[in-house]
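First up is the structure itself, then whatever we jot down about it.
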Amino acid sequence: MENKNYTSSKKQCPVAMFNTLCYLLLLLLHFSLSQGLTFPQDISALKALKASIKPNSIPSWSCLASWDFAAADPCALPRRTHFTCGIICSIDSTRVTQITLDPAGYSGQLTPLLSQLTQLTILDLSDNGFFGSIPSSISSLRSLQTLILKSNSFSGSIPDSVTTLKSLESLDISHNSLSGPLPKTFNSLSGLRRLDLSYNQLTGFLPKLPYNLLELALKGNSLSGYISKSSFDGLTQLEVVELSENSFTGTLGAWFFLLPALQQADLANNSLTRVEISKPSGGNSDLVAVDLGFNHIEGNAPTDFANYPQLSSLSLRYNRLRGAIPLEYSKKKSLRRLFLDGNFLIGRPPSEFFGGDTWVSGSLGNNCLVGCPGSSQLCSPSQKPYEVCKQAYGRKPMA
């Protein structure tokens with residue numbers, strides 16, 4: 001199909017003048033259009049990005065080293081010697097749609113002029129040395145679907161403007177030095193499916209979360225307060241929750257493990273004091289793995305975990321649990337990994353754990369159990385001293 005611009009230019013040549021020279025000019029125009037011409041605003045944004053990076057942090061073999069604006073147009077094809085990697089352009093070779101830099105150790109601040117790349121769908125600068133704040137002008141990237149800034153040195157707060165990116169599906173700014181609270185308007189990211197802000201210095205409470213989330217990772221921060229049901233309202237597709245290594249307190253309500261799509265939950269290394277468990281509705285649940293280790297959870301080991309049909313890994317290690325190990329755990333054939341060590345559990349562990357065909361690995365050690373076979377790996381490490389157990393119970397612990 002003939003190019004419209006080419007056809008239009010052809011019509012503008014008078015018939016009498018449609019000679020060899022005019023024909024050659026039209027061929028040149030057609031060739032130029034087929035090669036593409038990157039929008040000037042996109043070129044200036046790319047130039048600003050490269051200029052913001054310290055020259056001594058751009059290795060000769062890296063993507064950025066091949067960005068030579070004097071020698072070639074960024075979107076022109078073929079790109080065999082210049083702009084060899086790092087960018088992808090639109091089909092018509094006029095707009096930059098993706099920037100994916102290699103992990104070459106680039107160091108610099110993120111230029112606000114990236115906001116000019118209004119057709120950008122993917123921005124991935126991971127595993128480099130970018131520092132400073134994330135510019136609020138990033139909100140101009142209305143077509144952005146994937147934003148990956150992980151493993152850099154970004155600092156400051158998460159700009160509220162990020163939450164205006166309605167097309168965003170994946171946001172990963174983990175392993176940086178971000179601080180301050182999470183934006184209260186996070187739930188406005190209606191298209192967000194994956195959120196990873198792990199290993200920063202974020203503080204404050206959990207806001208209401210985007211209702212289309214599949215995966216949530218906020219581990220390794222300083223988030224605090226209760227884990228509220230209101231933060232998770234409407235999250236019917238949430239499969240993975242990673243909130244470990246924070247400072248969450250109080251009771252984890254029964255509603256949490258009843259989230260309809262939940263498969264994995266890691267809330268280890270917090271300050272939770274109680275956990276409520278209810279039987280799943282209709283006996284159906286996709287829950288596979290739960291880690292509540294290294295909290296301050298008191299009371300008996302929750303029996304109702306045994307009612308989750310697919311649960312294969314359960315850790316309640318190093319809490320303040322008392323009483324006996326629920327017999328229901330020993331009858332649950334799907335349970336392959338069980339960590340109850342570091343509590344104050346008493347009595348004899350279920351004999352089913354020590355048969356020749358035992359299916360469970362893990363640890364029941366460092367409790368107040370009696371009759372835990374020293375020959376079994378499950379009983380390692382050894383139980384607490386009798387005096388420690390007696391003090392914990394204020395009397396002789398029950399055998």
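Every value quoted in this text rests on a predicted model; they were computed, and no experiment measured them.
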Next on the checklist: Once side chain to side chain contact (heavy atoms under 4.5 Å, CB included) is applied, do any residues pair with Thr303, and if so which ones, sequence neighbours excluded?
Outcome noted: Pro326, Glu328

Do any N or O atoms from the side chain of [X] and from the backbone of [Y] form a donor-acceptor pair under 3.5 angstrom?
X	Y	answer
Ser126	Lys150	no
Asn366	Arg317	no
Asn221	Leu197	yes
Lys208	Asp233	yes
Asp341	Leu364	no
Asn246	Leu223	yes
Ser174	Asp196	no

Item to check | Parallel, tilted or perpendicular, as decided by the 30° and 60° cut-offs, for the rings of Phe130 and Phe154 | outcome: parallel

Checklist entry - Which of these, Leu110, Thr111, Leu64, Asn128, sits in a side-chain contact (heavy atoms from CB on, under 4.5 Å) with Ile53? => result Leu64

For a 4.5 angstrom cut-off between non-hydrogen side-chain atoms, does [X] reach [Y]?
X	Y	value
Tyr308	Ser334	no
Trp67	Leu46	yes
Phe354	Cys372	yes
Ile99	Leu117	yes

Checklist outcome for this item: Connected to Ile91, directly or through other members, by ILVMFWY side-chain contacts below 4.5 Å are none

Checklist outcome for this item: Closest non-hydrogen contact found for Asn307 with Pro280 is O-CG, 3.4 Å

Checklist outcome for this item: In terms of heavy-atom contacts, Asn319 and Gly293 come closest through ND2-CA, 4.0 Å

Hey, are [X] and [Y] close enough for a salt bridge, meaning a charged N less than 4.0 Å from a carboxylate O?
X	Y	value
Asp304	Lys279	no
Arg193	Glu169	no
Asp42	Arg95	yes

Next on the checklist: Can you confirm whether the side chains of Ser57 and Ser107 place a donor and an acceptor under 3.5 Å from each other?
Outcome noted: no

Next on the checklist: Does either side chain, that of Arg337 or that of Ser313, offer a donor lying less than 3.5 Å from an acceptor on the other one?
Outcome noted: yes

I need the [X] [atom1] to [Y] [atom2] distance, nearest 0.5 Å.
X	Y	atom1	atom2	answer
Leu123	Ile148	CG	CD1	9.0 Å
Lys390	Cys368	NZ	SG	13.0 Å
Gln116	Leu49	CD	CG	12.0 Å
Phe69	Ser44	CZ	OG	9.5 Å
Lys229	Leu259	NZ	CG	9.0 Å

Checklist entry - Is Leu165 reachable from Leu120 through a run of I, L, V, M, F, W or Y residues, each pair having side-chain heavy atoms under 4.5 Å apart? => result yes

Checklist entry - Going hydrophobic residue to hydrophobic residue with side-chain gaps under 4.5 angstrom, can you get from Leu168 over to Leu178? => result yes

Next on the checklist: My understanding is that only one of Trp255, Phe257, Tyr226 makes a ring pair (Phe, Tyr, Trp, His ring centres under 6.0 Å) with Phe232; could you say which?
Outcome noted: Trp255

Checklist entry - Can Leu335 and Phe305 be said to form a side chain to side chain contact (heavy atoms under 4.5 Å, CB included), step by step? => result CA-CA 10 Å; Leu335 193 60; Phe305 269 132; over 6 Å; no

Item to check | Qualifying ring-ring contact (aromatic ring centres under 6.0 Å, His included) pairs, either residue in residues 188-219, two or more places apart | outcome: His175-Tyr199

Checklist entry - Passes side chain to side chain contact (heavy atoms under 4.5 Å, CB included), Ile227 versus Leu267? Steps please. => result CA-CA 10 Å; Ile227 297 176; Leu267 295 96; 3.3 Å; yes

Item to check | side chain to side chain donor-acceptor pair (under 3.5 Å) evaluation trace for Asp73 with Thr38 | outcome: CA-CA 7 Å; Asp73 181 274; Thr38 310; 2.6 Å; yes

